[in-house]
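Below is one structure, written out as C-alpha cells; comments come after it.
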Amino acid sequence: MDFDVIVVGGGPAGATAAEDLARSGAKVAMLDRAGRIKPCGGAVPPRLIKDFDIPESQIVARINTARMISPSTQKVDIEIENGYVGMVDREHFDEFLRARAEKAGAARITGTFVRITRGKEGTQLWYRPRGEDEAQPLKTRLIIGADGARSDVARAEVPGGESIPYVIAYHEIIAAPDGVESYDPTRCDVIYDGTISPDFYGWVFPHGAQASVGMGSGIKGVDLKKATAALREQSGLTGCETIRREGAPIPLQPLKKWDNGKDVVLAGDAAGVVAPSSGEGIYYAMIGGRFAAMAASACLSTGRASDLQLARRFFMKEHKMVFRVLRMMQDTWYRSDDRRERFVTLCRDIDVQRLTFEAYMNKKLVRARPWAHIRIMAKNIGHLTRLIPAS
C-alpha cells in the first residue's frame with residue numbers, strides 16, 4: 001500500500017500524530033512494536049485531559065497533594081488547588097490512544113522499523129513484521145519518527161539523533177498497599193535523596209489498584225533495581241506484590257533539529273521533549289505529536305520540505321522557556337544532598353507552590369505575579385549562599 005505518512009511508534013506522540021493526520025484526511029499508517037510498556041509515573045495535567053479529550057475511564061487515580069521528601073526525610077505537602085492531577089496506566093492508556101487513531105482511519109501495522117530507502121520507487125520504509133525474518137517495504141511520502149529516546153529513525157535520518165542525552169528510568173508496578181500509613185492513594189511522593197538517585201529523584205505514584213515506585217539516573221553504574229528496592233523499604237512497600245518491572249531511557253533535552261530537510265520529522269521522546277527537573281513527558285509527547293502532524297499536513301499540501309521545520313518551531317515557541325527554567329532548576333538543585341535539602345525547604349514557600357502548580361497545570365510560565373517572582377529569586381539566592389537555613 002502507498003501512504004501519505006507513516007508514523008513509526010505507537011506511544012502518546014505517535015498515536016496522537018496518526019489520529020490527527022487520519023482525521024485531516026491523510027492516508028496514514030502507524031507502525032508499532034506490540035507488547036512494550038514504557039516505565040512512567042503516569043501523571044497527566046488537566047490541560048492534557050481537556051486538550052486531547054481523555055475520558056474519565058482512563059484516569060485511574062486523582063491526585064490532590066504532592067509530597068516532597070528531602071534527604072533528611074523533611075516532608076513538604078503541596079495541595080493542588082482548584083483541580084487535580086490525573087494518573088494513567090501506560091499499559092492501557094497507550095493502547096487506548098492507538099485504538100482511537102485506528103478508529104479515526106489510521107492503519108495499524110505491527111512490526112519493527114528497519115530502514116528508509118529512496119530511489120526510483122520513491123521513499124520506502126522497510127519494516128519487519130512481527131514473527132517474520134524478512135523486511136517488507138511500504139511506500140510513503142513522509143515519515144514521523146516517534147519511536148522513543150533511542151529512536152532508530154532519528155539516528156538514521158536526523159543530525160544529532162544518535163547522541164541525545166538521557167537518564168535511565170526504572171519502576172516497579174505493585175499492588176496498592178492496604179493499611180500502610182505512609183501511603184496515600186490521593187498523594188504523589190517525590191523523593192529527593194542521593195541514596196535513591198544521585199542526580200534525579202525517586203517516586204511513589206498511586207495508580208488506583210496499583211502504584212508506580214521507581215527512580216531515574218543518568219550516572220553510569222547506579223543500580224536502579226537496588227535503589228528502587230531501598231525506596232520500597234523506606235516507603236513501607238516491600239511486602240506489596242510486584243506486578244511488573246520496566247526500564248527505559250528518558251531524554252532530557254530537545255534535539256536542535258527535528259527533521260532531515262526532506263521527508264522525516266520527529267516527535268515525542270525521539271525529539272527529546274521530556275521536561276528536565278520533573279521528567280514529565282506524556283503531555284509534551286502528545287503536543288509534539290500534534291505539531292508533527294500539523295507540519296506533515298503543511299508539507300503534504302505545499303510540497304515544501306521546509307514546512308517540516310514547523311513542528312519544532314511551534315513546540316519551542318510555546319515551551320522553550322519552561323524547558324529552560326526546568327533545566328536551570330535541575331542543574332542548580334539536584335547537584336548534592338545539601339542542595340536537595342534546601343530545594344525541599346524552598347518548596348514550603350507559598351509563592352513557589354502556587355507558581356509551580358499554575359505552570360504545571362496550564363503548561364506555561366506564570367507572568368502575572370512579578371513580586372512573587374522577585375521574592376522567589378531572593379529566596380533562591382539566600383539558599384544558594386547559605387544565608388537561609390536548609391530546613
Side-chain angles (χ1 to χ4, degrees), residues 1-32 48 51-53 97-98 100-109 113 115-127 137-147 151 153-154 156-161 254-273 283-320:
M1 295 180 66
D2 294 351
F3 293 97
D4 294 317
V5 185
I6 296 176
V7 180
V8 181
T16 299
E19 180 187 359
D20 284 3
L21 284 163
R23 292 190 186 282
S24 72
K27 192 172 182 180
V28 58
M30 179 174 57
L31 173 66
D32 188 57
L48 181 151
D51 287 359
F52 295 97
D53 194 24
L97 295 176
R98 288 190 287 266
R100 190 165 71 173
E102 183 178 27
K103 187 176 180 180
R108 286 184 66 171
I109 301 174
F113 169 82
R115 63 184 180 274
I116 297 168
T117 60
R118 300 170 182 88
K120 61 182 181 180
E121 297 295 330
T123 299
Q124 291 186 310
L125 183 146
W126 294 75
Y127 79 103
L138 295 169
K139 189 174 180 180
T140 186
R141 295 173 63 186
L142 299 173
I143 297 106
I144 294 177
D147 51 334
S151 165
V153 175
E157 296 288 334
V158 177
L255 288 175
K256 293 182 179 180
K257 190 172 178 61
W258 292 5
D259 69 282
N260 68 348
K262 294 180 291 188
D263 51 14
V264 173
V265 64
L266 305 177
D269 282 11
V273 292
Y283 172 79
Y284 294 112
M286 293 180 75
I287 196 64
R290 176 151 292 172
F291 287 151
M294 291 169 59
S297 292
C299 182
L300 291 172
S301 178
T302 66
R304 294 192 301 260
S306 60
D307 284 344
L308 296 176
Q309 298 173 17
L310 294 173
R312 189 179 191 280
R313 192 177 306 162
F314 288 153
F315 185 95
M316 298 306 284
K317 181 178 180 181
E318 187 166 344
H319 301 293
K320 177 174 69 175

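The figures that follow rest on heavy atoms only: side chains count, while hydrogens, waters and symmetry mates do not. From a predicted model like this one, the values you see are computed outputs, not experimental measurements.
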- Note on the structure: So CG of Leu308 and NZ of Lys257: to nearest 0.5 Å the spacing works out to 9.0 Å
- Message: Please determine whether a side-chain nitrogen of the Lys or Arg among Glu19 and Arg23 lies less than 4.0 Å from a carboxylate oxygen of the Asp or Glu.
- Response: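 Looking at Glu19 and Arg23, the cut-off is met.
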- Query: Going by an N to O cut-off under 4.0 Å, is there a salt bridge joining Asp51 and Arg290?
  - Reply: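 No, this pair does not count.
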Quick one: are [X] and [Y] in side-chain contact, heavy atoms under 4.5 Å?
X: Phe52; Y: Ile287; value: yes
X: Lys262; Y: Thr123; value: no
X: Met286; Y: Leu97; value: yes
X: Leu142; Y: Leu300; value: yes
X: Leu31; Y: Leu138; value: no
X: Leu21; Y: Asp4; value: no
X: Lys317; Y: Phe291; value: no

Strictly distance-based, threshold 3.5 Å: is any side-chain N or O of [X] a donor or acceptor partner for the main-chain N or O of [Y]?
X: Ser301; Y: Ser297; answer: no
X: Ser151; Y: Asp147; answer: no
X: Arg312; Y: Trp258; answer: no

